[in-house]
Amino acid sequence: MTEFFVRMPSSTNLMAFETDLQDNCWLAQRLRPYVQYAQFAALWELGDKAVVGEDGWLFYKPAVQYLVEPWPLDSAGDQNNVISAVVSFRDQLAERGIHLLVVPVPNKASVYPDMLTRQARKKDEPVNAVTIEVMRRLREAGVEVVDLFALFEQARAASAGEATKYYLAQDSHWSPDGVRLAAKAIARRLIDLGWVETKQTDYALKSVTIERHGDILKMIQVPQIERQFEPEQTDCTQVINRETNQPYHDDPNSEVLVLGDSFLRIYSQDEPGAAGFVEHLGYELGFALA
């Protein structure tokens with residue numbers, strides 16, 4: 001403990017002290033929030049989970065590291081294994097008469113590198129070069145891919161100067177505007193491929209505003225830091241059954257199955273409910289999904 005008081009409060013010393021605490025007894029759990037808050041107050045550091053960007057924006061640190069550090073899949077052999085795995089999955093589905101559409105969802109730093117650091121505004125090359133290469137190789141292998149990276153880049157350029165944000169400032173996930181933009185593009189791709197036919201929609205849209213702290217603040221697990229940020233107000237759009245006025249519900253027997261991660265959960269299983277990606281894809285197609 002005494003080392004904390006005799007060392008200069010530099011980023012290196014504070015992070016080293018935090019690591020030492022994590023490796024020690026139960027006292028670490030009691031002291032960690034206070035040490036991390038001191039680190040935040042003195043150096044604007046948020047530990048190993050988050051990075052502070054411009055204008056109060058927060059970024060998930062592992063996602064940033066993916067963009068700026070050497071990636072394990074840089075070697076051709078490992079990268080080919082990724083491609084082979086996806087192609088194999090596609091082929092197994094095809095044997096059962098099922099189509100596969102692959103949609104890599106960008107992390108926030110890929111779409112808003114300029115909100116991570118002002119230096120990114122001076123760079124012309126893509127910050128997500130490895131993922132772009134993976135998508136290129138998938139296409140070469142005949143896998144259908146939707147490029148949301150290009151979609152968000154084009155949308156940002158078209159809405160320059162407007163208040164539209166496609167990702168949340170305090171959260172690692174997309175905003176309701178980002179959800180709707182992606183859902184429209186993917187629905188259009190499914191229709192253009194001839195894999196689905198739209199139906200007369202039974203759905204309507206309902207505006208709902210929520211306030212909450214983002215998941216990045218929750219990951220830090222330091223209430224003292226969380227209290228330094230106002231809850232983020234988010235204008236969501238719920239998908240409602242037009243006849244019953246009840247929220248959208250999945251159909252386990254649907255012809256379309258969506259597999260994904262927390263980018264599907266936000267606004268859907270999270271509040272306000274029935275306002276996430278799956279619901280909006282169902283709205284665009286006119287029928288419920290699984």
Side-chain angles (χ1 to χ4, degrees), residues 53-54 57 59-60 62-69 71 73-74 79-80 82-83 85-87 89-90 99-169 171-196 256 258-264 266-267 276-278 280-281 283-285:
E54 302 289 333
W57 277 50
F59 292 82
Y60 183 46
V64 174
Q65 290 171 325
Y66 164 75
L67 297 179
V68 300
E69 296 179 359
W71 198 42
L73 297 186
D74 277 341
Q79 198 166 81
N80 286 334
V82 172
I83 307 307
V86 176
V87 170
F89 185 46
R90 188 271 313 274
H99 299 293
L100 174 66
L101 181 65
V102 177
V103 187
V105 180
N107 71 57
K108 185 165 68 174
S110 294
V111 179
Y112 287 97
D114 51 310
M115 297 305 295
L116 175 64
T117 171
R118 296 182 189 277
Q119 296 177 347
R121 300 172 187 175
K122 304 175 183 177
K123 300 183 68 175
D124 294 328
E125 66 270 18
V127 297
N128 52 312
V130 175
T131 306
I132 290 176
E133 175 64 11
V134 168
M135 290 191 293
R136 185 188 68 79
R137 295 194 182 195
L138 286 173
R139 289 196 191 94
E140 283 185 347
V143 176
E144 294 291 344
V145 180
V146 172
D147 185 355
L148 293 184
F149 296 84
L151 178 71
F152 283 118
E153 182 180 359
Q154 293 163 6
R156 284 202 65 191
S159 63
E162 297 181 9
T164 305
K165 293 290 186 292
Y166 298 104
Y167 279 67
L168 299 172
D171 201 282
S172 61
H173 298 97
W174 45 21
S175 71
D177 287 319
V179 166
R180 292 192 293 270
L181 182 66
K184 287 178 181 293
I186 293 166
R188 173 50 53 193
R189 184 64 171 277
L190 289 169
I191 294 167
D192 290 346
L193 287 168
W195 291 356
V196 299
V256 176
V258 187
L259 302 175
D261 57 12
S262 58
F263 276 82
L264 304 187
I266 189 168
Y267 316 120
F277 171 80
V278 172
H280 280 277
L281 182 57
Y283 173 79
E284 295 296 331
L285 295 176

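Considering only heavy atoms from C-beta on, D261 stays 4.5 Å or farther from V105 through its side chain. With a 4.5 Å cut-off on side-chain heavy atoms, P104 and F149 count as touching. You'll find the side chain of I191 reaches within 4.5 Å of the side chain of V196, heavy atoms only. Looking at N107 and L67, their side chains come closer than 4.5 Å, going by heavy atoms from C-beta outward. In this structure the side chain of Y267 never reaches within 4.5 angstrom of the side chain of H280, judged on heavy atoms. Between E144 and L193 the shortest side-chain heavy-atom distance falls below 4.5 Å.
Residues G53 and F59 come closest through the heavy atom pair CA-CE1, 4.2 Å. Of all non-hydrogen atoms in V258 and L281, the two that sit nearest each other are CG2-CD2, 4.3 Å. The minimum heavy-atom distance linking R90 with V143 is given by the pair NH1-N, 3.6 Å. Counting all heavy atoms, side chain and backbone alike, F263 lies closest to S172 at CZ-O, 3.6 Å. The two atoms that bring I83 and A141 nearest to each other are CG2-CB, 4.4 Å, heavy atoms only.
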>> Show, in sequence, the C-alpha distance, side-chain angles and deciding distance for E140 and R137, and conclude whether the salt bridge (charged side-chain N to carboxylate O under 4.0 Å, His left out) test is met.
In response: CA-CA 5 Å; E140 283 185 347; R137 295 194 182 195; 6.0 Å; no
>> Quick one, L101 with R189, criterion side-chain contact (heavy atoms from CB on, under 4.5 Å). Give me CA distance, side-chain angles, the key distance, then yes/no.
In response: CA-CA 9 Å; L101 181 65; R189 184 64 171 277; 4.3 Å; yes
>> Between L190 and E284, is the side-chain contact (heavy atoms from CB on, under 4.5 Å) condition met? List the steps.
In response: CA-CA 11 Å; L190 289 169; E284 295 296 331; over 6 Å; no
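How far CZ of R180 is from CG of D177: 4.5 Å, rounded to the nearest 0.5 Å. Note that OG of S110 and CG of L148 are 11.5 Å apart. Values are rounded to the nearest 0.5 Å. Separation of atoms CG (L116) and CD (E54) is listed at 8.0 Å; rounding is to 0.5 Å. Going from atom CD1 of I132 over to atom CG of D147 covers 7.0 Å, rounded to the nearest 0.5 Å. Once rounded to the nearest 0.5 Å, the distance linking OH of Y112 with OH of Y167 reads 9.0 Å. The line from CG of N128 to CE of M135 is 6.5 Å long, rounded to the nearest 0.5 Å.
Between F277 and W174, the ring planes lie parallel to each other; the angle is under 30°, not in the 30° to 60° tilted range.
For T131, the side chain to side chain donor-acceptor pair (under 3.5 Å) partners are Y66, not counting sequence neighbours.
Formation of a donor-acceptor pair under 3.5 Å by the K108 side chain with backbone atoms of L168 is found in this model.
Electrostatic pairing of R156 and E153 does not count as a salt bridge here, judged by no charged N lying under 4.0 Å from a carboxylate O.
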